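Shown next, in structure tokens, is the structure this report addresses.
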Amino acid sequence: MKRIFLFIALLTAGLWACQNQSESEQTTVISGTLSTATEGYISLNFGAFLDSAKISKEGNFSMSLNPEMSGTGMLIFANTFTQVYLEPGKSLTLEITPQNFPNNVEFGGELGPVNNYLRLARKLDRNTALTNEELYRLKPDRFIHLTDSIRGLKLQLLKEYVMRYPEMDSAFVTHHKTDVQYAWATQKLRYPGYHRLLTGQIPNLPDSYHNSYLMQVEINNPNLMISTVFQGFLEEYLDFKQALYQKDNPGIDKLWFPESV
């Protein structure tokens, strides 16, 4: 009987230890230091998680959470915010200059590289952004050159960071590469129709225009459905294929709902 009780006690202790270990492995710690001690709070909004940490007299703060999955949240200080990318079980440190927040935040810890990459990626997005009207009014050669160049810059930035920080999560890298690729492909897909709508002119495109980018992306890969950018591309692609089919089969216009084909 004593052996049975001992076995149950050991089993219970083992399960408790495994549970605690599992929870600790999922805990994400965010901590940081303000260069100038400032009274107040740092707040984090991450999905359903919302919490605040009091800034100490020395300018330090810390908080922890147990996210179920990776994602982006907002770190809020002095009524302004910066985006932070978090992963279960990994730490993020920040060095903050209060007077210049959020422009002068330095990211460190296990999640430092990916957050520094995202900050540069967002800056590149801002520096290369055009409105839809500006983009789709461009002449065909200018449009092709510009969109190809911007995609190249974004992929090169990601490649350089992966080479410098090989510990970056491979799922994160794949996801962001997918977003860059399919945002570019969506622009290519939209261009003929949008250009005609905005200018009243049919763009004079190379015969290989659509094949030139469709050959560089995957259509039938269900793993890519985690990307909302890929999902948006698929919707545009199906409209494109439908228009081609209706053009080649004019008889279906006699149906009540030709789009159902």
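Keep in mind the model is a prediction, meaning the values are calculated, not measured.
- In this structure, CG in Asp239 is found 11.0 Å from CG in Leu234, a value given to the nearest 0.5 Å.
- Around OH of Tyr41, the count of heavy atoms belonging to other residues, nucleotides or ligands within 6.0 Å does not exceed 12.
- A heavy-atom distance below 4.5 Å is found between the side chains of Val29 and Ser62.
- Glu58 and Ser56 share a side-chain donor-acceptor pair at under 3.5 Å.
- Residues Leu244 and Ile219 share a single hydrophobic cluster, defined by chaining ILVMFWY side chains whose heavy atoms lie under 4.5 Å apart.
- The distance from atom CG of Leu111 to atom CD1 of Ile30, rounded to the nearest 0.5 Å, is 8.5 Å.
- Screening residues 53-105 for ring pair (Phe, Tyr, Trp, His ring centres under 6.0 Å), with sequence neighbours left out, gives Phe77-Phe101, Tyr85-Phe172.
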Under the criterion side chain to side chain contact (heavy atoms under 4.5 Å, CB included), I'd like the reasoning laid out for Val105 against Arg119: C-alpha separation, chi angles, the key distance, then a yes or no. CA-CA 10 Å; Val105 178; Arg119 178 173 55 185; 4.3 Å; yes
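- Not counting sequence neighbours, the partners of Tyr165 by the ring-ring contact (aromatic ring centres under 6.0 Å, His included) test are Tyr161.
- Follow the hydrophobic side-chain contacts under 4.5 Å out from Phe107 and you reach Met168 in the same cluster.
- A side-chain donor-acceptor contact under 3.5 Å links Ser52 and Ser43.
- A continuous path of ILVMFWY side-chain contacts below 4.5 Å connects Ile144 to Leu130, so both sit in one hydrophobic cluster.
- Note on Leu120 and Leu153: same hydrophobic cluster, where clusters join Ile, Leu, Val, Met, Phe, Trp and Tyr whose side-chain heavy atoms are under 4.5 Å apart, directly or indirectly.
- Listed by chain and number, the residues in a ring-ring contact (aromatic ring centres under 6.0 Å, His included) with Tyr182 are Phe230, Phe233 (sequence neighbours excluded).
- Nearest heavy atom pair, residue Pro67 against residue Gln26, reads CD-O, 3.7 Å.
- Criterion: ILVMFWY side-chain heavy atoms under 4.5 Å apart, direct or through other members. Under it, Met163 and Val114 are not part of a common hydrophobic cluster.
- Taking both residues in full, the closest heavy atoms of Asp169 and Lys90 are given as CB-NZ, 4.5 Å, listed atom of the first, atom of the second, then distance.
- Pairs passing the salt bridge (charged side-chain N to carboxylate O under 4.0 Å, His left out) check and including a residue from residues 209-238, sequence neighbours excluded, read Arg190-Glu236.
- Remark: Glu95 engages no residue in a side-chain hydrogen bond (donor to acceptor under 3.5 Å, both in side chains) (not counting sequence neighbours).
- The backbone N or O of Glu87 lies less than 3.5 Å from a partner atom in the side chain of Thr28, making a donor-acceptor pair.
- Not a single donor-acceptor pair under 3.5 Å links the side chain of Glu160 to the backbone N or O of Leu157.
- With sequence neighbours left out, the salt bridge (charged side-chain N to carboxylate O under 4.0 Å, His left out) criterion links Glu133 to Arg137.
- Note that CG of Leu44 and CE of Met74 are 9.0 Å apart. Values are rounded to the nearest 0.5 Å.
- Here Asp51 pairs with nothing under the salt bridge (charged side-chain N to carboxylate O under 4.0 Å, His left out) rule; sequence neighbours left out.
- By the 4.5 Å side-chain criterion applied to Ile, Leu, Val, Met, Phe, Trp and Tyr, Leu155 is assigned to a cluster that also includes Val180.
- Cluster partners of Ile226, using a side-chain heavy-atom cutoff of under 4.5 Å among ILVMFWY residues and allowing indirect links: none.
- Atom CG of residue Asp207 and atom OG of residue Ser212 lie 11.5 Å apart, to the nearest 0.5 angstrom.
- Every residue two or more places apart in sequence or in another chain that forms a ring-ring contact (aromatic ring centres under 6.0 Å, His included) with Phe240 is listed here: His210.
- Side chain of Thr97 to main chain of Asn100: no donor-acceptor pair is present (N/O by atom type, distance under 3.5 Å, no hydrogens or angles).
- With 3.5 Å as the limit, one finds a donor-acceptor pair spanning the side chains of Thr147 and Lys188.
- Annotation for Ala183 and Val229: closest pair N-CG1, 3.4 Å, computed over non-hydrogen atoms.
- Atom OH of Tyr209 and atom CG of Leu214 lie 9.5 Å apart (nearest 0.5 Å).
- In the displayed structure, Glu167 atom CD is contacted under 6.0 Å by more than 12 heavy atoms of other residues, nucleotides or ligands.
- With sequence neighbours excluded, no residue forms a side-chain hydrogen bond (donor to acceptor under 3.5 Å, both in side chains) with Glu106.
- Side-chain contact between Gln99 and Thr36: present, with at least one pair of heavy atoms (C-beta onward) separated by less than 4.5 Å.
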For side chain to side chain contact (heavy atoms under 4.5 Å, CB included), just list the numbers for Asn115 and Val84, CA-CA rounded to whole Å, side-chain angles, deciding distance to a tenth of an Å, and then say yes or no. CA-CA 6 Å; Asn115 277 279; Val84 290; 4.0 Å; yes
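- Separation of atoms CG (Leu138) and CG (Leu198) is listed at 10.5 Å; rounding is to 0.5 Å.
- With contacts defined as side-chain heavy-atom distances shorter than 4.5 Å, the pair Pro88/Glu68 does not qualify.
- For CG of Asn204, the number of neighbouring non-hydrogen atoms (other residues, nucleotides, ligands) closer than 6.0 Å is 12 at most.
- Among residues two or more places apart in sequence or in another chain, the ring-ring contact (aromatic ring centres under 6.0 Å, His included) test is passed with Tyr191 by Phe143, His195.
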With side chain to side chain contact (heavy atoms under 4.5 Å, CB included) as the test, would you mind laying out the steps for Gln83 and Arg122 before giving the verdict? CA-CA 10 Å; Gln83 292 182 325; Arg122 288 192 291 268; 3.0 Å; yes
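- With 3.5 Å as the limit, one finds no donor-acceptor pair spanning the side chains of Arg151 and Gln187.
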Going through the checks in order, is the side chain to side chain contact (heavy atoms under 4.5 Å, CB included) test met by Leu92 and Leu86? CA-CA 8 Å; Leu92 175 65; Leu86 304 177; 4.0 Å; yes
